[in-house]
Amino acid sequence: MDTEIQFDRVERPISATACTSCRGALLGSYFQANGQILCERCAEGIRKFFHSGEGAFGRVIKAIAFGIGGGLAGGAIYTTVLALVHINAALITILIGFWVGKMVRKGSGNRGGIGYQLLAVIITYGMIGLSIILSEMLTSSAANGGLLNEIFLLLFGAIAGPVIAATHSPLGGLITFFGLMQAWKINKSVVVNITGPHALAPVTPSRDPVDPMIAQNPPAPVTPSLPPQSA
């Protein structure tokens with residue numbers, strides 16, 4: 001079953017001739033899910049895919065790992081800009097939210113939902129805070145004081161960094177909020193309504209097409225000729 005078909009938007013139903021997922025021919029009946037035409041086997045597989053709790057723990061771990069990976073990639077760019085260019089390029093936080101949101105959704109198997117939305121927002125927020133405090137540690141003596149002091153600064157920055165930055169730059173704080181909302185929206189839940197089985201309509205054989213020129217100008221009737229009469 002191809003689980004990459006789109007269920008997050010309702011589409012106009014297509015002609016029920018083949019399954020949208022497996023492309024197999026439909027026999028007798030079909031199921032419908034958000035405008036997609038499915039065979040019985042694929043409909044049951046999709047129902048289990050979205051509604052079964054099997055493997056939920058593994059999906060959460062995968063979503064966390066993927067989300068942190070996306071956040072580290074975006075955070076590295078943000079830290080570099082803050083430390084080297086010395087400007088608060090808050091627009092990069094939207095990129096961080098986008099990457100984290102996409103990776104969390106991929107780790108969740110494209111399910112989405114409130115839990116994954118909160119996870120994506122928390123990871124995005126933490127990565128933005130880490131980027132801010134790391135840039136300060138790289139450009140000042142704030143990290144001097146030993147390993148425990150550095151760990152404390154990193155934890156404090158991950159929790160309070162975005163809030164402190166927003167107090168210094170309200171516009172930057174607003175842009176950071178948009179980055180968090182980006183991660184939230186990408187992981188919205190997908191509602192899949194499966195209906196069926198629906199009976200396939202019988203196929204009516206089509207008649208031979210009529211030439212439109214002939215229909216508009218029908219040929220004149222043929223009058224049989226009679227033999228000449230003898231005198």
Side-chain angles (χ1 to χ4, degrees), residues 1-74 94-125 127 178-210:
M1 181 189 64
D2 181 8
T3 57
E4 295 298 326
I5 58 178
Q6 298 295 322
F7 290 105
D8 55 351
R9 60 180 182 272
V10 178
E11 299 179 357
R12 183 179 297 276
I14 62 175
S15 177
T17 58
C19 176
T20 306
S21 180
C22 69
R23 308 300 179 185
L26 298 173
L27 302 175
S29 63
Y30 68 95
F31 291 77
Q32 189 171 323
N34 293 22
Q36 306 290 345
I37 302 301
L38 305 170
C39 64
E40 182 178 2
R41 176 174 172 271
C42 290
E44 183 62 25
I46 291 172
R47 184 180 288 109
K48 290 181 179 179
F49 180 82
F50 281 99
H51 300 291
S52 174
E54 183 179 353
F57 179 77
R59 288 193 297 271
V60 171
I61 297 300
K62 192 175 181 180
I64 293 174
F66 281 23
I68 291 176
L72 288 174
I94 297 179
L95 178 65
I96 297 175
F98 177 80
W99 279 352
V100 171
K102 282 290 187 182
M103 296 307 292
V104 168
R105 189 168 188 88
K106 183 176 181 180
S108 71
N110 293 320
R111 283 166 173 78
I114 185 67
Y116 292 112
Q117 287 178 302
L118 290 173
L119 176 62
V121 169
I122 291 172
I123 294 176
T124 301
Y125 182 92
M127 289 300 170
F178 288 147
L180 298 175
M181 291 305 299
Q182 186 78 2
W184 175 274
K185 290 188 296 183
I186 290 176
N187 286 277
K188 65 180 180 179
S189 61
V190 177
V191 178
V192 180
N193 297 316
I194 300 177
T195 62
H198 306 289
L200 281 171
V203 178
T204 303
S206 60
R207 297 181 178 179
D208 294 333
V210 178

Do P197 and F31 make a side-chain contact, defined as non-hydrogen atoms from C-beta onward lying under 4.5 Å apart?
yes

Mind listing the closest non-hydrogen atom pair of A18 and R23 along with its distance?
CB-O, 4.2 Å

All side-chain contact (heavy atoms from CB on, under 4.5 Å) counterparts of K102, not counting sequence neighbours
F98, I186

Minimum side-chain heavy-atom gap Y116-V60 below 4.5 Å
yes

Taking all non-hydrogen atoms of both residues, which atom of L119 and which atom of A63 are closest, and how far apart?
CD2-CB, 4.0 Å

So which heavy atom on C39 is nearest to which on C22, and how close?
SG-SG, 3.8 Å

Distance from Q182 atom CD to L95 atom CG, nearest 0.5 Å?
9.5 Å

Sidechain-backbone polar pair: T20 side chain, I37 backbone, donor-acceptor under 3.5 Å:
yes

side-chain contact (heavy atoms from CB on, under 4.5 Å) partners for I68, two or more places apart
I64, L72, I123, M127

With T195 via side-chain hydrogen bond (donor to acceptor under 3.5 Å, both in side chains) - residues at least two apart
H198

With sequence neighbours excluded, residues passing side-chain contact (heavy atoms from CB on, under 4.5 Å) with Q117
I114, W184, N187, K188

On a heavy-atom basis, which atom in A33 and which in I194 lie closest, and how many Å separate them?
CB-CG1, 3.9 Å

